[in-house]
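Sequential numbering from 1 along the given sequence is applied to the chain's residues. Atoms within each ligand, like the ligands themselves, are counted from 1 in listed order.
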Amino acid sequence: MTVTRFAPSPTGYIHVGNLRTALFNHLIARKSGGTFILRIDDTDPERSKETYVDAIREDLEWLGLTWDRMERQSQRLDRYAEAADRLRGMGRFYEAFETPTELDLKRKKQLNMGKPPVYDRAALALSEDEKAALRAERGDGVWRFKLDHERITWDDGILGDVSIDAASVSDPVLIRADGQVLYTLASVVDDMEMGVTHVVRGNDHVTNTATQIQMIRALGGEPPAFAHHSLLTGPQGESLSKRLGTLSLRDLREAGVEPEALLSLMARLGSSQPVELRMSLDEIADGFDPSQFGSAPTKFDVDDLYPLTARKLHGLELDAVAEDVAALGVPADKAALFWKVTRENITTRKDLAAWWTLFSEGAEPLVDEDDRAFVEQAFEMLGDPPYTDDTWSAWTSAVKEATGRKGKGLFMPLRKAVTGRQRGPEMAELMPLLQVKPGLR
Ligand code: GLU
């Protein structure tokens, strides 16, 4: 039975980078009829916020990435304490008292000597008396997991064979001086107790994975299968970390990006497979294969979401957008025509509003100076709405007759004057939607 999980920390809105992780895990579970867990990593009481938990659920639901079970780390603190006790009992857990400044100094010295900045385990040499003295002076220490200095290897679902020398890694701090359990331990306990079989996450976690494999084994478990996807960069390869705030799922939704566009792109971007619009998660899961993804950073361009969004909208029937159309105030008897005329002329649903404003209030006409007199004359020849299917041909024939203009020289200035745009829907279809007579204002 496949069990995967998406484990966000509720310290902010989730963004495209998180979505990649969520989607991969969701798809792996979905493909094999397994279980997908939403695990809220909220062991940090100061930074975790309930509003973000709600937002994460909302964002995932918007995308259809539903979960079979939700878990919260803050409700499992006793489980972590028990695991910590077991590690203590095995001599794999030790208290250390260095201040951040002292650690920093140690790191700088090591770097100066050309050595990797790995914690020197000075705390292991402390006697019980020395520890008691330090505790009295500085308060409780942090708790570190004592790594076995061996090579840690695994067959990564994306990176292939990974081998990390544990001696090149600092013994990880699992419990802070204030008693807060850190993610590295909590995650191991959860993955073991929840029977997680596959963990996909960003490759910024590779070192964590190495230490977690040792922790899982120490606690008597078998590590799950790990796969580490690359991190996203901007289109030029620039770091996205600062921009991720503007690439939150809610911002993209707000900007009118359609869920299928986002899912279709994220499920293939950075893999050897082409990005195509797919209209359901089953279609997206079909052919999804983590091993097709490369280890190099993946370039992400938010603009790529818009052609996919437009493509989805072009394929929709009126019933799929009826609510949006009605919300604009389009009369029910005009809704079908409104959608027919606009759907190939929008990138997102939000663009519908501008079209309805144009039809209901009139456009800001676009008139070249040379065409001004012609357009004025033409508007004098147009009656008041309502217009019909025949209005355009009757009007342009009359104008042609009166002015001698034809072809592009006839149609283009009128299109621009009526719609304020260079191109757009068929004019004959558009005229019956006009609620006010167009004119030069
Ligand atoms: N809360 C961790 C994070 O957001 C989860 C990492 C993991 O998937 O194990 O980075």
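When hydrogens are left out, the protein atom nearest atom 10 (O) of ligand 1 is His205 NE2, 3.0 Å; that is the closest non-hydrogen contact. Closest to atom 8 (O) of ligand 1 among all protein heavy atoms lies Arg5 NH1, 2.6 Å.
Between Phe338 and Phe359, the ring planes lie perpendicular to each other; the angle is over 60°, past the 30° to 60° tilted range. Under the 30°/60° scheme for interplanar angles, the aromatic rings of Trp143 and Phe93 are found to be tilted. Note: Phe226 and His228 have parallel aromatic rings, judged against thresholds of 30 and 60 degrees for the angle between ring planes.
Near Ala7, meaning under 4.0 Å from any of its heavy atoms, are these atoms of ligand 1: 1 (N), 2 (C), 3 (C), 4 (O), 5 (C). The ligand atoms of ligand 1 that sit less than 4.0 angstrom from a heavy atom of Asp41 are 1 (N), 2 (C), 5 (C). Proximity to Arg201 (heavy-atom distance under 4.0 Å) selects the following atoms of ligand 1: 7 (C), 8 (O), 9 (O). Counting the atoms of ligand 1 from 1 in the order shown, those under 4.0 Å from a heavy atom of Ser9 are 1 (N), 4 (O).
For the pair Arg144 and Tyr119, the cation-pi test (distance below 6.0 Å, angle within 45°) is passed. Relative to the six-membered ring of Trp67, Arg5 misses at least one condition, a distance below 6.0 Å or an angle of at most 45° to the axis.
Ring-centre distance between His229 and Phe293: not below the 6.0 Å cut-off.
Residue Arg39 places no N or O, backbone or side chain, under 3.5 Å from any N or O of ligand 1.
Contacts between Tyr183 and ligand 1, counted as non-hydrogen atom pairs separated by less than 4.0 Å, involve the side chain only.
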